[in-house]
Amino acid sequence: MTPSPLTFVVGTGRSGSTALSRILNTHPDVLSLNEYMASVGDAAFPQDPVSGAEFWEALFRPAPHFERMVRSGLPMPEFLYTRRPGRYTPETTGIPALSHMVLPHLTDDPDGLLDEIRTAVACRPVAAAAAHHEALFAWLRARFGRTAVVERSGYSTGWAPGLRAAFPHAKFVHLFRDGPDCALSMSRHPGYRTITLLREIKERAGVDSFHDLTDEHVRSLPPDLAPLLGDRFDPALVRDRDLPPRRFGTLWSELVVDGARFLDTLPADRRMTLAYEDLLDDPRKELTRLATFVGVEPSPQWLDHASTRLVTGRRGTARRELTDTEFADLRESCAAGSRALGKTSDASRGTDVA
């Protein structure tokens, strides 16, 4: 089987990435897999070969962290399935991993498409996980009449090395946004607020993975953190907690440094950087560059339509809405990431390092 032309867009999230997935989805030759990796996660990449039925279970099994958020009344705006519910609910069946964000991006009938996927993949013979994913990508590409596959997930730079190992033919785009603006957006997003609190739990417990948490660790956590590990929690613990933007600037820097370092390991023809601010400044130029890199035609009709789908008013949010002291503090927390991008600390535009 010839692998699908495959590109992964990796980045911090909160960087225009969801809009980019929507734009790519309007291209007649692009299969846009919106938040595929964020949805299936490591569970769909076991080290040992698995049967098609076992692979299907990894695609179908609800993602525990997403289920906890929905049950707790803290859904993310990216959750498309819960806006127009189908046969699955978090309280009864759980929402399948592919159904939250991936399938509703492709069709108005995500339940029907999920049934088709089960028929297509569950009967496959034992194979490596990457081969099952490739087969699914190829099936979806044929199902929707597309020629190239572009997967895009937020908070995804940490997956990049593993994706390169699993899919050595894939290309990678590192998408990023001005640090203070991106960090401020993270600080207001339920997903990133939850991520930050879960990071705090691991730091307090001194563990690298939640698999290493013991009952003693959990008992030692303060009462405003421990409930986040349960099946349901008070959403105010995430929504109302005072989390300074600086913490998200540090997170932005870590993710951007990871992304920039990873890109440096790739051959020049397998890597591309894309700055959100450049996309706003000259959408036709940047989308032409992206389409060419992905391997599809940047038709004038697509460029005209795509250029209208970008929201320009979010640039400079941090400088407008924070005090001078708060902005300076946030900018300082983003300094490492800005240096990794080859930027000065107060620049607003990224530079292609490929």
Quick one: CZ on F293 to CG on L274, what's the gap to the nearest 0.5 Å?
10.5 Å

Would you please name every residue forming a side-chain hydrogen bond (donor to acceptor under 3.5 Å, both in side chains) with S51, sequence neighbours left out?
E54

Distance from E151 atom CD to Y36 atom OH, nearest 0.5 Å?
8.5 Å

Verdict with supporting geometry, S220 and H217, side-chain hydrogen bond (donor to acceptor under 3.5 Å, both in side chains)
CA-CA 5 Å; S220 70; H217 285 139; over 6 Å; no

Qualifying side-chain hydrogen bond (donor to acceptor under 3.5 Å, both in side chains) pairs, either residue in residues 75-84, two or more places apart
R14-E78, E78-H189, Y81-D111, R84-D108

Applied to residues 34-50, the salt bridge (Lys or Arg N to Asp or Glu O under 4.0 Å) test, sequence neighbours excluded, yields E35-R152

Going by an N to O cut-off under 4.0 Å, is there a salt bridge joining D281 and R315?
yes

Among residues at least two apart in sequence or on other chains, which ones pass salt bridge (charged side-chain N to carboxylate O under 4.0 Å, His left out) with D329?
R246

Hydrophobic cluster membership, with links at side-chain heavy-atom distances under 4.5 Å among I/L/V/M/F/W/Y: are L198 and V218 in one?
yes

Would a distance-only check, ignoring hydrogens and angles, find a side-chain to backbone donor-acceptor pair under 3.5 Å from T147 to D29?
yes

L20 and Y276, any side-chain heavy atoms less than 4.5 Å apart
no

Atom pair OG/CG of S185 and D181 - distance to nearest 0.5 Å
8.5 Å

Can F210 be reached from L197 by stepping across I, L, V, M, F, W or Y side chains whose heavy atoms are under 4.5 Å apart?
yes

Could you tell me the separation between the CG atom of L251 and the OG atom of S333, rounded to the nearest 0.5 Å?
10.0 Å

With sequence neighbours excluded, give me every ring-ring contact (aromatic ring centres under 6.0 Å, His included) pair touching residues 92-129.
F66-H100, F79-H100

Rounded to the nearest 0.5 Å, how far does CG of D278 lie from CZ of R177?
14.0 Å

Do F262 and H174 have their ring centres less than 6.0 Å from each other?
no

Any salt bridge (Lys or Arg N to Asp or Glu O under 4.0 Å) pairs touching residues 220-234, not counting sequence neighbours?
E91-R232, D224-R241

Pi-cation contact, F8 with K171 (under 6.0 Å, within 45°)
no

Would you kindly say whether S153 and W159 are connected by a side-chain donor-acceptor distance under 3.5 Å?
no

Any donor and acceptor pair, going by atom type alone, linking the side chain of S32 with main-chain N or O of S21 inside 3.5 Å?
yes

Ion pair present between E67 and R61, side-chain N to carboxylate O less than 4.0 angstrom?
no

Do R146 side-chain atoms and F144 backbone N/O form a donor-acceptor pair below 3.5 Å?
yes

Residues R219 and E216 bridged, charged N to O under 4.0 Å
no

V10 and L175, any side-chain heavy atoms less than 4.5 Å apart:
no

What do the steps show when you test D212 against K202 for salt bridge (charged side-chain N to carboxylate O under 4.0 Å, His left out), and what is the final call?
CA-CA 9 Å; D212 298 326; K202 289 194 292 186; over 6 Å; no

E297 backbone acceptor or donor facing H27 side chain under 3.5 Å
yes

Can any side-chain N or O of T308 pair as donor or acceptor with the backbone N or O of H305 at less than 3.5 Å?
yes

Going hydrophobic residue to hydrophobic residue with side-chain gaps under 4.5 angstrom, can you get from V257 over to F248?
no

Aromatic ring proximity, centroids under 6.0 angstrom, Y88 and F60:
yes

Between F45 and F55, is the gap from one ring center to the other below 6.0 Å?
no

Does H169 reach the side chain of F167, with side-chain heavy atoms less than 4.5 Å apart?
yes

Are the side chain of S72 and the backbone of F233 linked by a donor-acceptor contact shorter than 3.5 Å?
yes

State, without any angle test, whether T250 and S253 hold a side-chain donor-acceptor pair at a distance under 3.5 Å.
no

NZ/NE/NH1/NH2 to OD/OE distance under 4.0 Å, D178 and R331
no

Kindly work out whether a path of hydrophobic side-chain contacts (I/L/V/M/F/W/Y, heavy atoms less than 4.5 Å apart) joins L106 to L80.
no

Between R247 and R193, is any pair of side-chain heavy atoms under 4.5 Å apart?
no

So, the side chain of T265 versus the backbone of R261: is there a donor-acceptor pair under 3.5 Å, distance only?
no

Decide yes or no for L290 and T7: does some side-chain heavy atom of the first lie under 4.5 Å from some side-chain heavy atom of the second?
no

Testing the 3.5 Å rule here: is there a donor-acceptor pair between the side chains of T288 and E286?
no

